[in-house]
Chemist: 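Let me begin by handing over the structure; questions about it come next.
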Amino acid sequence: MKILVTGGAGYIGSHLVDRLLERGDEVYVLDNLSTGKIVNVEHHLDNPRFHFINDTVLNEPLVEDLVKECALIYHLAAAVGVKFVVEDPLRAVLTNVKGTEIVLHYAYKYWRKIVLASTSEIYGKATKIPFEEEDDRVLGTTEVHRWSYSTSKAIDEHLAFAYHDKGLPIVILRYFNSYGPRLDEKGYGSVIANFIRQAMRGEPITVHGDGRQTRCFTYIDDTVQGTLLAAEVKAGEGMVFNIGTTMETSILELAGTIKALLASPSNVAFVPYEAYYGRGFEDTRRRVPSIERARKILGYEPKVGLEEGLKKTIEWCREHY
Ligand code: UDP
């Protein structure tokens, strides 16, 4: 099948592309290499079933051509990562809203199934644990840039549902803290990349706040498994799914585990949020998905535990950081 992956040179996108090519699909990657990297896909450049286009999803005529050419679209191109969004909120909002608007417009015009990457940020700072897909969203003031990410992705979801009302087959995935090989070394959007780099260098491991905030870290294979199922299972059309594990880990525990796995001499250093994100930052205290819907409808089952996933990630980081 001919498949378009926007953001296919990114961290999640490139792993998805690996799997699609492995199973014999022909893959078109549209990526402007803003956070994506050519090294993530360069091992495919000689593959005649792989096509790389270095451009943006805001280029409408190009998006139209690609959508027309392909039978299925995975739309992963976005400004991702809280740190990026906080640093360049204008680009984040524009890319996420306009880009998705354009891709959906042409998916509708040529009637192509589309799997849309969303985020656990959607739930904001909701306190009802675990987060179920139909739960209310709880966000802070618009004066705090962090919430623009959640809001822009929510507009994307609304748009997708609106097209689904017109009959377009869409599926939305809310990814929960994915990690694995190819995480950006700078640690943008990933505490795990940051901690591994710091621990490898013997630098202080910077835990924000009191470190008791939690996340459910999801190994990339489990993220990709959910993404592939979303396109395959017809019953999932018109729905949104949480994709992640349900193992809740505090950031402080994570620091300890990474330090131990690397036998690192690093100390844990508690730093105020403001030192990293600037003033007026708000964090999500606990983030835990319910994955019952994905289990029941998609047959999704995450398989990789945190230590196992961290070991594989560390192995990759040792060669690349
Ligand atoms: N974090 C941290 N130290 C770092 C980077 C991040 O303590 O060097 C914290 C961050 O404040 C948040 C959690 O780790 O509470 C997860 O951050 P990440 O950027 O990985 O993803 P988020 O869940 O915020 O999207």
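Note that ligands are numbered from 1 as they come in the structure, with each ligand's atoms numbered from 1 the same way. We're numbering straight along the sequence, starting at 1.
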Chemist: Whether the side chain of Arg212 engages the backbone of Asp210 through a donor-acceptor N/O pair (distance < 3.5 Å, no angle test) should be reported.
Modeler: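 Absent.
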Chemist: For Thr214 and Glu248, run side-chain hydrogen bond (donor to acceptor under 3.5 Å, both in side chains): C-alpha distance rounded to whole Å, both residues' side-chain angles, the deciding distance at 0.1 Å, then the answer.
Modeler: CA-CA 6 Å; Thr214 68; Glu248 191 176 7; 2.7 Å; yes
Chemist: Which of the atoms of ligand 1 are close to Ile251, meaning less than 4.0 Å from one of its heavy atoms?
Modeler: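 Listed by number with element: 7 (O), 13 (C), 14 (O).
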Chemist: Is the terminal nitrogen or CZ of Arg174 (NZ for Lys, CZ for Arg) located under 6.0 angstrom from the six-membered ring centre of Tyr123 and within 45° of that ring's axis?
Modeler: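 Yes; both conditions hold, so Arg174 lies above the ring face of Tyr123.
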Chemist: Using the side-chain contact (heavy atoms from CB on, under 4.5 Å) definition, which of the options Leu168, Ile73, Val171 pairs with Lys113?
Modeler: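 For Lys113, the side-chain contact (heavy atoms from CB on, under 4.5 Å) test succeeds with only one of Leu168, Ile73, Val171, which is Val171.
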Chemist: Pair Phe281, His208 - check ring-ring contact (aromatic ring centres under 6.0 Å, His included), show working.
Modeler: CA-CA 11 Å; Phe281 182 77; His208 298 160; 7.9 Å; no
Chemist: I'd like to know if the side chain of Thr95 and the backbone of Ala92 have a donor-acceptor N/O pair within less than 3.5 Å.
Modeler: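 No, the answer is negative, given that no donor and acceptor are paired below the 3.5 Å cut-off.
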Chemist: Give the numbers and elements of all ligand 1 atoms closer than 4.0 Å to a heavy atom of Asn194.
Modeler: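 Every atom of ligand 1 under 4.0 Å from some heavy atom of Asn194: 4 (C), 5 (C), 8 (O).
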Chemist: Applying a 4.0 Å heavy-atom criterion (strictly less than), which segment of His208 is in contact with ligand 1: side chain, backbone, both, or neither?
Modeler: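 For His208, the contact with ligand 1 is made by both the backbone and the side chain.
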Chemist: Tell me whether Ile192 has any N or O atom under 3.5 angstrom from an N or O of ligand 1.
Modeler: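 There is no such contact.
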Chemist: I'd like to check which ligand 1 atoms, numbered from 1 as shown, lie under 4.0 Å from a non-hydrogen atom of Arg287.
Modeler: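 The list of qualifying atoms is 22 (P), 23 (O), 25 (O).
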Chemist: Once you restrict to heavy atoms under 4.0 Å, what part of Asp283 touches ligand 1? Side chain, backbone, both or neither.
Modeler: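 Near ligand 1, Asp283 shows its side chain, while the N, CA, C and O stay back.
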Chemist: I'd like to know if Tyr110 and Leu72 are part of one continuous hydrophobic network [Ile/Leu/Val/Met/Phe/Trp/Tyr, side-chain heavy atoms within less than 4.5 Å].
Modeler: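 No, Leu72 and Tyr110 fall in different hydrophobic clusters.
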Chemist: Heavy-atom distance to atom 3 (N) of ligand 1: which of Val268, Val85, Val80, Thr206 wins?
Modeler: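 Nearest heavy atom to atom 3 (N) of ligand 1 lies in Thr206.
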Chemist: Using a 4.0 Å cutoff against the non-hydrogen atoms of Val207, which atoms of ligand 1 qualify?
Modeler: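 What qualifies from ligand 1 is 7 (O).
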Chemist: I'd like to know if the side chain of Arg112 reaches the main chain of Tyr106, judged simply by a donor and an acceptor atom lying under 3.5 Å from each other, with no hydrogens or angles considered.
Modeler: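 No: the side chain of Arg112 does not pair with the backbone of Tyr106.
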Chemist: For ligand 1, note which part of Arg215 has a heavy atom under 4.0 Å away: side chain, backbone, both or neither.
Modeler: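 Under 4.0 Å from ligand 1, Arg215 contributes side-chain atoms alone.
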Chemist: Below 4.0 angstrom from a heavy atom of Tyr277, which ligand 1 atoms are there? Numbered from 1 as shown, please.
Modeler: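 Result: 10 (C), 11 (O), 19 (O).
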Chemist: Below a 4.0 angstrom heavy-atom separation, can you tell me which part of Arg146, side chain or backbone, both or neither, approaches ligand 1?
Modeler: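 The part of Arg146 near ligand 1 is the side chain, not the backbone.
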Chemist: Under 4.0 Å from a heavy atom of Asn177: which atoms of ligand 1 are those, numbered in the order shown and with their elements?
Modeler: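 That gives atoms 21 (O), 22 (P), 23 (O) of ligand 1.
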Chemist: Taking only heavy atoms of Ser190 into account, list the atoms of ligand 1 that are under 4.0 Å away from them.
Modeler: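 Those qualifying, in numeric order: 19 (O), 20 (O).
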Chemist: Taking Gln213 for the side chain and Gly211 for the main chain, is one N or O donor matched with an acceptor at less than 3.5 Å?
Modeler: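 A pair under 3.5 Å: yes.
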